[in-house]
Every structure is written in structure tokens, then in C-alpha cells.
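Here the structure comes first, spelled out in C-alpha cells, and everything after it is commentary.
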Amino acid sequence: VSNSTAQLSTAAATTTPASVTFTPNSGTAGTVTLRLTTNDPTGDCPSVFDDRVLTIVSQPTTANAGADQTVCGTSVTLAGNAPSSGTGSWSIISGSGGSVTTPSSATSGFTGVAGNTYTLRWTISNSPCAASSDDVVITLRANPTTSNAGADQSVCATSATLAGNAPGVGTGAWSIISGTGGSFTNAALNNTAFSGTANTSYTLRWTISNAPCAASTDDVVINLRSNPTTSAAGADQTICGTGATLAGNAPSVGAGTWSVISGAGGAITTPGSPTSPFTGVAGTNYTLRWTIANAPCTASTDDVVISLKALSLIHISQGIVR
């Protein structure tokens with residue numbers, strides 16, 4: 001009620017009260033003029049009055065700063081409530097390097113430093129009433145460190161030491177993408193030990209996370225190798241002619257290949273076959289090597305001697321035996 005006048009009267013000056021209590025209607029806000037009138041009961045003197053202007057202020061709207069927020073980046077939109085009574089203002093209670101774009105706006109933008117946590121206060125005031133305030137926590141996350149799982153490895157063992165990068169921002173975790181029977185000593189450690197099954201290839205993933213930012217991932221291939229089958233090139237052979245069938249053992253681990261160590265003019269038909277044919281020059285002795293390899297393990301080798309003999313010719317001419 002604005003500029004209203006309430007009449008307060010007394011019967012006589014001698015009965016004027018020392019004080020008067022005025023209670024406005026519920027919800028009343030604005031300016032009210034109160035008039036105190038004193039009357040002479042004899043009627044000899046005119047009535048006198050005095051006015052007082054009261055400003056009635058309503059309590060401010062109860063402040064609500066909104067739900068706590070965790071975002072990936074350096075800025076966020078605040079979510080305070082719009083006051084129906086009073087005016088609002090944002091202030092920073094804790095956290096360095098932050099700024100409120102429009103402090104009087106309930107939904108102002110806020111900018112800070114990634115990796116910092118801020119407490120902001122939304123205060124709704126309507127003086128001289130007590131202000132209402134509410135706090136909200138804004139957590140600004142930085143993108144995680146770019147993941148690097150390290151170089152691919154081939155080892156002659158059933159375990160390997162991984163070489164992921166240590167995260168400067170976020171936390172890391174290893175996982176197995178392909179390959180069975182593997183395990184990590186400590187999956188959260190960038191240089192943890194990894195154990196698996198010999199002669200198995202594993203694809204491992206190093207993930208660095210800092211939610212709610214997108215995680216960074218990188219993969220590495222770990223080949224676990226065992227020593228190759230022990231090579232056996234077979235017994236030495238003496239052949240009448242120019243060809244022989246080799247007799248190396250078939251590898252159960254690794255791959256085999258034949259090579260000519262000594263002897264000219266020889267050829268192996270299928271070097272990767274343990275029982276490949278071999279052709280050479282009659283009258284020549286050859287040393288052949290059967291190598292079974294399973295890198296990076298040390299290869300196993302064994303040699304065999306193949307002696308190719310020429311046919312003896314007996315010529316009878318004019319009674320002379322040559």
C-alpha cells in the first residue's frame with residue numbers, strides 16, 4: 001500500500017498514549033503515512049494532528065545458488081534463483097583467479113582456472129532486512145594429459161615392464177584390449193609389470209582420465225616369446241647323384257629356415273620346410289644349417305653334411321681299362 005493514511009485518534013490530549021503499535025497487512029510493502037490526531041473534547045479548540053511516513057520492506061527472496069557443478073574447461077553458467085523480492089549479487093568465497101561476468105545476474109557466466117575449485121555465494125538483499133545467501137561449489141577440470149602407452153615390445157619372456165607416460169593431469173589405468181591370460185601387477189601404475197602367456201600377442205591400452213573431460217587413450221602391442229624348439233638338422237647324408245631330401249625337425253615354437261654354409265652350386269627348394277629337397281653339384285660336399293628362430297629369443301641351429309657323389313665311369317676301349 002503506497003502513500004496510504006491511517007488515522008489514529010484520541011479522545012483528549014490528556015489521554016494521548018505514549019506509543020502506538022501499527023501492524024501492516026501481511027505482504028504489505030511500500031510507503032505508509034500514519035496520522036495521529038488529537039481532539040479537544042470540549043470543542044473549544046480545533047483538532048491537531050501529526051503525520052509519520054513508514055517505509056515497509058518485505059523480506060528478501062530466499063537465496064538458492066543452484067546445484068554444485070563440475071565441468072571440463074574454464075567457464076560455467078551459474079544457476080542462482082531470480083529474486084522476486086530484493087536484489088542478488090554473486091561473490092567468490094574461495095578459489096583464486098576467478099571472475100563473475102555479471103555479479104547481479106542469477107545466471108551469470110563464471111570464468112576461472114582449470115584445475116581449481118571455487119565456492120561462490122549468491123546473496124539476495126533487501127535492506128534493512130537480513131540478507132539471504134546460499135553457496136555453490138564450482139569445480140573446473142582440465143583435459144587430462146595426452147596418453148602415451150610407449151613403444152611396442154617383443155620380449156623373450158612371459159612378462160614385460162610397461163612404459164606408459166606418467167599423467168600430469170588426471171589418473172591412468174591399463175586395460176587389456178586383446179590377448180588372453182594377461183594381468184597387471186598394478187593397473188594404475190604407468191610402468192607396471194605385465195604378465196601373460198608365452199607366444200601370445202597382447203594389445204594393451206593406457207587411459208588417462210580426468211572426468212568429466214574426455215579421456216585420452218593410447219595402445220601398445222606386447223609380444224611375449226619363448227625360446228624356439230631346439231634345432232635338429234638330421235643325420236649326415238651321402239648321396240650318389242645331385243639331389244637329397246633334407247630331414248630337419250619341424251618346430252613347435254618358432255619358424256625354421258635352411259641355409260647353405262659351405263659348398264658351391266647348391267640350392268634349397270623350400271628353405272622354410274624342414275624336409276625340403278636340396279640340389280647340388282655331384283662330387284661336392286655341402287654343409288647346410290637348419291635354424292629355428294623365435295625373435296627376440298636366441299635362435300637354435302644345427303648343421304648337416306650332404307655329400308653328393310658322382311657316378312664312376314668304366315671305359316673299355318682297345319683293351320685298355322681306364
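Residues take their numbers from the sequence shown, with the count starting at 1.
Between the W122 side chain and the S89 main chain, no donor and acceptor come within less than 3.5 Å of each other. A donor-acceptor contact shorter than 3.5 Å links the side chain of T145 to the backbone of V169. Between the T200 side chain and the G179 main chain, no donor and acceptor come within less than 3.5 Å of each other. Without hydrogens or angle criteria, N285 side chain to V305 main chain gives no donor-acceptor distance under 3.5 Å. Judged by distance alone, the side chain of W90 and the main-chain N or O of S105 form a donor-acceptor pair under 3.5 Å. Counting only distance, with no hydrogens or angles, the side chain of S108 and the backbone of T102 share a donor-acceptor pair below 3.5 Å. S132 contributes a side-chain N or O that, together with a main-chain N or O of A63, makes up a donor-acceptor pair within less than 3.5 Å. A donor-acceptor pair is defined here as one N or O able to donate and one able to accept, closer than 3.5 Å; such a pair exists between the side chain of T101 and the backbone of G109. Panel note: side chain S273, backbone T270; no donor-acceptor pair is recorded below 3.5 Å. No donor-acceptor pair under 3.5 Å is formed between the side chain of N191 and the backbone N or O of A163.
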Inset, instruction - Given side-chain hydrogen bond (donor to acceptor under 3.5 Å, both in side chains), test D218 with S147 step by step and report yes or no. - result: CA-CA 6 Å; D218 190 39; S147 175; 5.3 Å; no
Inset, instruction - May I have the step-by-step check of side-chain hydrogen bond (donor to acceptor under 3.5 Å, both in side chains) for S183 and S195, ending in yes or no? - result: CA-CA 5 Å; S183 63; S195 299; 5.1 Å; no
Inset, instruction - Please assess T61 against S84 for the test side-chain hydrogen bond (donor to acceptor under 3.5 Å, both in side chains), listing each intermediate value before the final yes or no. - result: CA-CA 6 Å; T61 302; S84 57; 3.0 Å; yes
Inset, instruction - Please assess S178 against T203 for the test side-chain hydrogen bond (donor to acceptor under 3.5 Å, both in side chains), listing each intermediate value before the final yes or no. - result: CA-CA 5 Å; S178 66; T203 298; 3.2 Å; yes
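If you check the side chains of T111 and S99, you find no donor sitting under 3.5 Å from an acceptor. Counting only N and O atoms by type, the side chains of S58 and S85 include a donor and acceptor under 3.5 Å apart. Side-chain polar atoms of S300 and S231 form no donor-acceptor pair below 3.5 angstrom. Checked by atom type, the side-chain pair N223/S201 shows a donor-acceptor distance below 3.5 Å.
Atom CG of L162 and atom CD1 of I222 lie 5.5 Å apart (nearest 0.5 Å). How far CG of N143 is from SG of C213: 4.5 Å, rounded to the nearest 0.5 Å.
Scanning both residues, L224 and T158, for their nearest heavy atoms gives CD1-O, 3.5 Å. Contact record, V113 with Y118: N-OH, 2.9 Å, taken as the closest heavy-atom pair. The two residues P60 and C129 make their nearest non-hydrogen contact at CD-CB, 3.8 Å. Nearest heavy atom pair, residue S209 against residue T207, reads OG-CG2, 3.6 Å. Closest approach of V221 and D152 over heavy atoms only: N-OD1, 2.9 Å. Considering all non-hydrogen atoms of both residues, Q69 and L78 come closest at NE2-CA, 4.2 Å.
Using a 4.5 Å cut-off on side-chain heavy atoms (C-beta onward), S133 and I124 make no contact. At a threshold of 4.5 Å between non-hydrogen side-chain atoms, the residues T275 and L246 do not count as touching. Between S307 and I239 there is no side-chain heavy-atom pair separated by less than 4.5 Å. Side-chain atoms of T70 and R141, non-hydrogen and from C-beta on, do get closer than 4.5 Å to each other. Looking only at side-chain heavy atoms (C-beta outward), T139 and V137 come within less than 4.5 Å of each other. Using a 4.5 Å cut-off on side-chain heavy atoms (C-beta onward), S259 and L288 make no contact. For the pair T284 and L308, the minimum side-chain heavy-atom distance is 4.5 Å or more. By the 4.5 Å heavy-atom criterion applied to side chains, L120 and I138 are counted as neighbours.
Every residue two or more places apart in sequence or in another chain was checked for a side-chain contact (heavy atoms from CB on, under 4.5 Å) with T298, and none qualifies. For D219, the salt bridge (charged side-chain N to carboxylate O under 4.0 Å, His left out) criterion is met by R205, not counting sequence neighbours.
Residues V155 and F184 fall within the same hydrophobic cluster, defined by Ile, Leu, Val, Met, Phe, Trp and Tyr side chains chained together at heavy-atom separations under 4.5 Å. Two different hydrophobic clusters hold L140 and I208 under the rule that ILVMFWY side chains link at heavy-atom gaps under 4.5 Å. Linking ILVMFWY side-chain heavy atoms closer than 4.5 Å, directly or via other members, places I306 and V281 in a single hydrophobic cluster. Side-chain heavy atoms closer than 4.5 Å link hydrophobic residues (I, L, V, M, F, W, Y) into clusters, and following such links, even through other members, never connects L189 to Y202.
Below 30°, between 30° and 60°, or above 60°: for Y286 and F278 the angle between ring planes is above 60°, a perpendicular geometry.
For the side-chain contact (heavy atoms from CB on, under 4.5 Å) with I292, the lone residue among T301, V253, N249, T257 that qualifies is N249.
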